[in-house]
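All remarks here apply to the structure that follows.
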Protein chains: 2
Amino acid sequence: MSGIEDVARAAGVSKATASRALTGHGYVSAATRERVARVAQELGYVPSSSAASLATGRTRNIGVVMPYLNRWFFAEVLEGIQEVLLESGYDLTLYDAKPGTEGRRRVFDDFLARKRFDGLIAVGLEPDHHELERLVAIGRPVVSVVAIGDSAGVVRLDDEHAARRATAHLIELGHTKIAFVGGISVSQGPHVDRARLAGYRATMAEAGLPETHVRSEVTLPGGYAAAVDLLGDAERRPTALVATCDEVAIGAIIAARRLGIPVPGSLSVVGIDNHEFAEMFALTTLEQSPRNQGAQAARMLLEQLANPGQVPQDVSIQARLIVRSSTAPPPGTPSVTVGVGVP
Amino acid sequence: MSGIEDVARAAGVSKATASRALTGHGYVSAATRERVARVAQELGYVPSSSAASLATGRTRNIGVVMPYLNRWFFAEVLEGIQEVLLESGYDLTLYDAKPGTEGRRRVFDDFLARKRFDGLIAVGLEPDHHELERLVAIGRPVVSVVAIGDSAGVVRLDDEHAARRATAHLIELGHTKIAFVGGISVSQGPHVDRARLAGYRATMAEAGLPETHVRSEVTLPGGYAAAVDLLGDAERRPTALVATCDEVAIGAIIAARRLGIPVPGSLSVVGIDNHEFAEMFALTTLEQSPRNQGAQAARMLLEQLANPGQVPQDVSIQARLIVRSSTAPPPGTPSVTVGVGVP
DNA sequence: TTGAAAGCGATACCAA
DNA sequence: TTGGTATCGCTTTCAA
């Protein structure tokens with residue numbers, strides 16, 4: 001374990017010069033810089049990050065707080081963040097904060113307070129008042145993916161817009177009996193699902209169509225269960241579904257197949273996400289690319305660390321409609337070209 | 001930001017005593033310990049981790065290296081690790097090391113060399129010679145989930161055993177035309193899939209049955225594609241499938257449904273994992289509980305940090321067979337009770 | 001049981 | 001352009 005002192009001695013310079021040569025802060029002649037670098041290389045010198053942090057106050061580490069690690073959206077965001085940080089030489093410390101757990105309390109009250117990071121990325125956190133206070137108290141820049149309810153930099157999908165586009169797509173195809181699957185209500189549950197439900201309702205109202213909202217857990221099995229219920233009654237059955245996300249949409253497609261209801265022949269389904277399984281189920285969906293959102297959040301944070309004065313600009317992403325083969329005109333439509341068959 | 005000096009002053013003791021009172025190392029009278037603790041609490045004192053690390057050489061941080069974050073197995077392991085570390089007050093720094101990327105090289109050559117952790121957990125890494133060398137060079141305890149090819153503590157599923165059990169289950173049901181789906185060969189690809197293929201082959205050989213191995217990407221869409229190929233030809237079609245993991249198994253079930261082949265009526269499918277989707281597809285499978293493996297690895301590492309002399313004991317887990325409704329006797333079996341219908 | 005002081009390993013200011 | 005040195009905040013040895 002050679003320290004900077006060893007490097008300095010071997011290069012015939014002082015610690016101060018060695019430090020300047022290695023960090024690039026301050027004037028050093030090109031010749032000595034090179035010599036020091038070479039010596040450091042030969043000695044396999046690796047700076048002690050705790051010593052450097054103590055001296056500078058910076059850690060070259062970013063904290064990431066998320067409520068789930070094992071859901072597609074969160075895992076993708078995390079990979080996006082990781083990729084950018086890796087390029088920039090930053091470490092990533094992960095904090096798992098599942099809603100309503102003792103662990104979450106400890107994360108906010110103990111772990112984050114230690115400030116072992118220069119900045120924080122909060123992903124889909126939906127913090128309560130106390131938690132928000134703690135976040136602010138840390139005194140480090142925070143960027144969030146999906147709204148956090150305050151002025152920090154935010155990267156997020158325009159959820160209402162995405163649901164509007166999804167609903168409009170079905171209306172354009174000629175559907176009138178369109179149900180929304182997922183979430184609880186416009187005033188309860190995660191903000192994401194509320195905004196999407198609101199987008200659906202607004203679009204239906206504007207078109208003068210009746211709304212149907214079916215609650216469901218926001219998971220693939222949840223969508224399956226909800227769809228089995230909804231589609232069971234042939235009379236009441238809608239001709240199209242807007243799902244709050246692709247997992248729910250896929251659950252619904254699987255349910256429809258089990259019930260012998262052809263998709264898109266008798267039932268159209270549109271999701272939001274462009275989940276890794278979407279293509280396999282030929283799902284028409286609105287792409288939100290969580291990986292890019294993560295990468296963008298990381299860039300925003302690094303930018304803020306580099307220019308502390310600057311106010312971060314929020315970013316709102318408009319989802320892109322990807323038409324595959326889970327949507328078609330409703331049954332009985334006089335067809336010019338009816339929806340392409342599923343592979 | 002009050003430091004330990006402020007606490008000491010406010011409590012009327014020296015820095016040394018304050019430190020002893022707070023860390024619990026060394027003798028302090030109960031009275032002063034309590035007073036110091038109270039004062040620290042009042043002042044909202046949070047120790048500087050870089051200062052503490054610099055002084056002690058320990059970081060209270062654990063590094064986790066994995067090749068994927070967005071796959072079920074890895075995400076589950078990560079949650080298991082996180083949970084244990086959270087309880088013990090350890091931070092978790094995550095390193096993403098995708099095979100064959102420049103990022104992976106940097107993780108091994110630069111990031112890990114900084115040793116910002118007291119120990120490392122390697123999950124499903126399959127390091128090459130150079131990488132293994134780097135891992136050893138770090139000089140910190142390493143525990144791995146899934147073999148790493150050396151003497152470090154290892155927590156892993158007994159993959160060969162799991163595949164043997166899966167195959168035996170089908171044989172017991174009376175199947176003779178049993179194919180294995182997934183992986184590349186016994187000598188290529190990830191160790192996990194090689195071991196499982198080997199288990200299948202050994203069991204088939206012992207029963208004097210012919211082997212069929214169908215290569216497939218180890219993903220749900222991969223299983224789907226492979227199954228479509230395999231099941232297309234009615235003559236060649238097996239009556240049962242052992243899949244290298246549940247995602248492949250589920251892909252195969254979906255393919256069978258699309259092809260109109262009833263499961264388990266005409267085709268039995270058994271997986272390995274007990275994936276979160278397994279129940280929904282009524283999949284018979286061997287449970288491996290990656291979450292527990294992660295938790296166990298974390299405990300093993302903490303144990304090693306506490307007792308540095310001790311040699312870590314490897315842990316091999318035997319998977320438990322969970323029979324659901326994707327397996328039944330082959331078609332044409334004189335039935336007492338034939339496999340339960342799928343819900 | 002407590003206190004004084006010497007590190008831990010870098011950075012950065014001030015002089016030269 | 002370089003070197004000497006104080007400093008970051010805590011832990012830990014040694015004496016008292």
Side-chain angles (χ1 to χ4, degrees), chain A residues 1-37 39-41 43-61 89 91 113-118 139-140 305, chain B residues 1-37 39-40 43-61 89 91 110 113-118 139-140 305:
Chain A
M1 282 312 77
S2 34
I4 199 171
E5 184 138 26
D6 304 297
V7 175
R9 196 177 316 118
V13 296
S14 70
K15 268 171 52 177
T17 304
S19 173
R20 263 169 276 156
L22 261 14
T23 60
H25 295 307
Y27 298 107
V28 191
S29 76
T32 53
R33 156 172 294 117
E34 205 168 307
R35 183 156 35 91
V36 171
V39 170
Q41 167 80 38
L43 266 57
Y45 166 73
V46 177
S48 148
S49 44
S50 31
S53 297
L54 184 56
T56 60
R58 275 176 294 90
T59 60
R60 294 199 71 79
N61 183 33
D91 276 3
R114 291 187 206 147
K115 307 185 222 204
R116 297 175 66 145
F117 38 76
D118 298 335
R140 297 262 186 287
L305 292 174
Chain B
M1 283 314 77
S2 34
I4 200 171
E5 185 138 26
D6 304 296
V7 174
R9 196 178 314 120
V13 296
S14 68
K15 271 170 48 178
T17 305
S19 171
R20 263 167 284 172
L22 260 13
T23 60
H25 294 307
Y27 297 108
V28 191
S29 77
T32 52
R33 157 172 293 117
E34 206 168 307
R35 184 156 34 92
V36 171
V39 170
L43 266 57
Y45 167 73
V46 178
S48 149
S49 44
S50 31
S53 297
L54 184 55
T56 60
R58 274 176 295 90
T59 60
R60 294 198 72 78
N61 184 35
D91 275 3
D110 305 341
R114 292 188 207 145
K115 308 185 220 203
R116 299 175 64 144
F117 39 75
D118 298 335
R140 297 263 185 286
L305 292 174

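First the proteins, then the strands, lettered A, B, ... as listed; each starts at 1.
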Q.
What is the separation between atom NZ on B:Lys115 and atom C1' on C:dG9, rounded to the nearest whole Å?
A. 14 Å
**Q.** Straight-line distance of B:Thr17 OG1 to B:Arg35 CZ, nearest 0.5 Å
**A.** 9.5 Å
Q. What distance do B:Asp118 atom CG and B:Thr59 atom OG1 have between them, rounded to the nearest 0.5 Å?
A. 3.5 Å
**Q.** Nearest-angstrom distance from the residue atom CZ of B:Arg9 to P of C:dG3
**A.** 14 Å
**Q.** Side-chain heavy-atom pair B:Val36, B:Val7 within 4.5 angstrom cut-off
**A.** yes
Q) Does some side-chain heavy atom of A:Ile4 sit less than 4.5 Å from a side-chain heavy atom of A:Tyr45? A) yes
**Q.** Cationic N near anionic O, under 4.0 Å, A:Asp91 to B:Arg116
**A.** yes
Could you pull out the protein-nucleic contacts involving nucleotides 7-11 of chain D (nitrogen or oxygen on both sides, under 3.5 Å)?
residue, atom, partner, partner atom, Å
D:dG9, N2, B:Ala51, O, 3.3
D:dC10, OP1, B:Tyr45, OH, 3.0
D:dC10, OP1, B:Ser48, N, 3.4
D:dC10, OP2, B:Ile4, N, 2.6
D:dC10, N4, B:Lys15, NZ, 3.0
D:dT11, OP2, B:Ser19, OG, 2.8

Q) Out of C:dG3, C:dA12, C:dT1, which has the shortest distance to the side chain of B:Thr17? A) C:dG3
Q: Give one of base, sugar-phosphate or nothing for A:Thr32, where a contact means two heavy atoms less than 4.0 Å apart.
A: sugar-phosphate
(Q) Using a 3.5 Å distance criterion without hydrogens, assess whether the side chain of B:Ser50 forms a donor-acceptor pair with backbone atoms of A:Ser53. (A) no
**Q.** Interatomic distance where CZ belongs to A:Arg35 and C1' belongs to D:dT1 [whole Å]
**A.** 12 Å
